[in-house]
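Atoms within each ligand, like the ligands themselves, are counted from 1 in listed order. These numbers come from a predicted model, not from an experiment.
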Amino acid sequence: MPELPEVQALVDFLAERTAGLAVAKVELASISVLKTFDPPPQALEGSPVDSVTRHGKFLDLDADGTHLVFHLARAGWLRWSERLPATVVRPGKSPIALRVRLSDGSGFDLTEAGTKKSLAAYLVRDPREVPGIARLGPDPLGDGFTLEVFRGLLAGRRTQIKGLLRDQEVIAGVGNAYSDEILHVAKISPFAIAGSLPPEVVERLYAAVRDTLAGAVRAASGRPAAELKDAKRAGMRVHGRAGQACPECGDVVREVSFADTSLQYCATCQTGGKPLADRRMSRLLK
Ligand SMILES: [Zn+2]
C-alpha cells in the first residue's frame, strides 16, 4: 500500500507529466470505484489540469475546479502511459478500474489487484467533500506539525502507539509499513500505550516520524510510478522482513500477525529483548 512518501512521489510525478495538459476523457471500467455521482466524469473532459496535490494518502487532481480525488488503498496502483491504447477500457477481468486520458495521448490507469476491492475515486468540487479527507489529522511533514502538536495528539490516549500512528484522523499519511519503521527507529514497542510514553520518548518518536518520512520522500522523489513499489520495499528496515537480521543489532526481526495484517519489530531494539505474543504462534502451540 502506498503511504505518504510514495503518494508524494506520485503527486510530483503526475504534476510534472500533466503540466500544460487537459483531461481528454475519463473512462470507468469498474462502476464501484467511483463513490460520487455529481459532478459526472464528463465534467472533467476538456478541463486543463491546474494542480496535483496530496491530502494524507489521497491524491487530488484539480482540473479547472473539478477534483478527481483517489485513494489507492491496499492493492491499488497508478500506471502511467506515455501513449494510452485507443481502445476504451471495458469492465471485466482487467485490473484497470479507471482510465484518465490526457490531451496529448498520455494518461494513467488506476488499477487494483486481488478480489478485495477498496480502491476509491471521487469527483468533487471541493476535496473536503470526501469524508476521509474532512476527517484527516495533521500532515506529519507540514510546517505546523511541531513537537508540541505531536505531544497534544498523544496526550491522554489509551491506545497502542502502533495503532495511533496509523490512525488517519490523528496523523495523515502513515500506514502499516512506515509505522513499523518509525517505531523501530525510535526503539519503541508497537504495543506501548501512546499517552503513557515519557516526554523524552515522545521527543524521540517525533524525530523518528519526521526523519523517517522525510528520508523516504527523498528516496522516492523523482522515481517513475512504476519503480515506487520496489523502492519502498527495498528501503525497509524491519517492515516485511520477518526472519531477517535487524540492521541495528543483528537480532532476528519478529512478527505479530493479526486477522488481515501483521507487524514486524526487533525485540532487542524495541521490547527489552522480550518477544511479543503472537496470536498465530500461540494458536499453533495450543
Ligand atoms: Zn534490533
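Take the Zn ion (ligand 1) as the corner point: the lines to SG of C269 and to SG of C249 open at 110°, to the nearest 10 degrees. Here the angle centred on the Zn ion (ligand 1), running from SG of C266 over to SG of C246, is 110°, rounded to 10°.
We find that E248 and R237 are joined by a salt bridge, their nearest charged nitrogen and carboxylate oxygen being less than 4.0 Å apart. Here R151 pairs with E203 in a salt bridge; the nearest charged N to carboxylate O distance falls below 4.0 Å.
Side chains of S81 and D109: no donor on one and acceptor on the other come within 3.5 Å.
Judged purely by atom type and a 3.5 angstrom limit, T271 uses its side chain to pair as donor or acceptor with the backbone of K274.
Distance check for H184 against the Zn ion (ligand 1): none of its N/O/S atoms falls below 2.8 Å.
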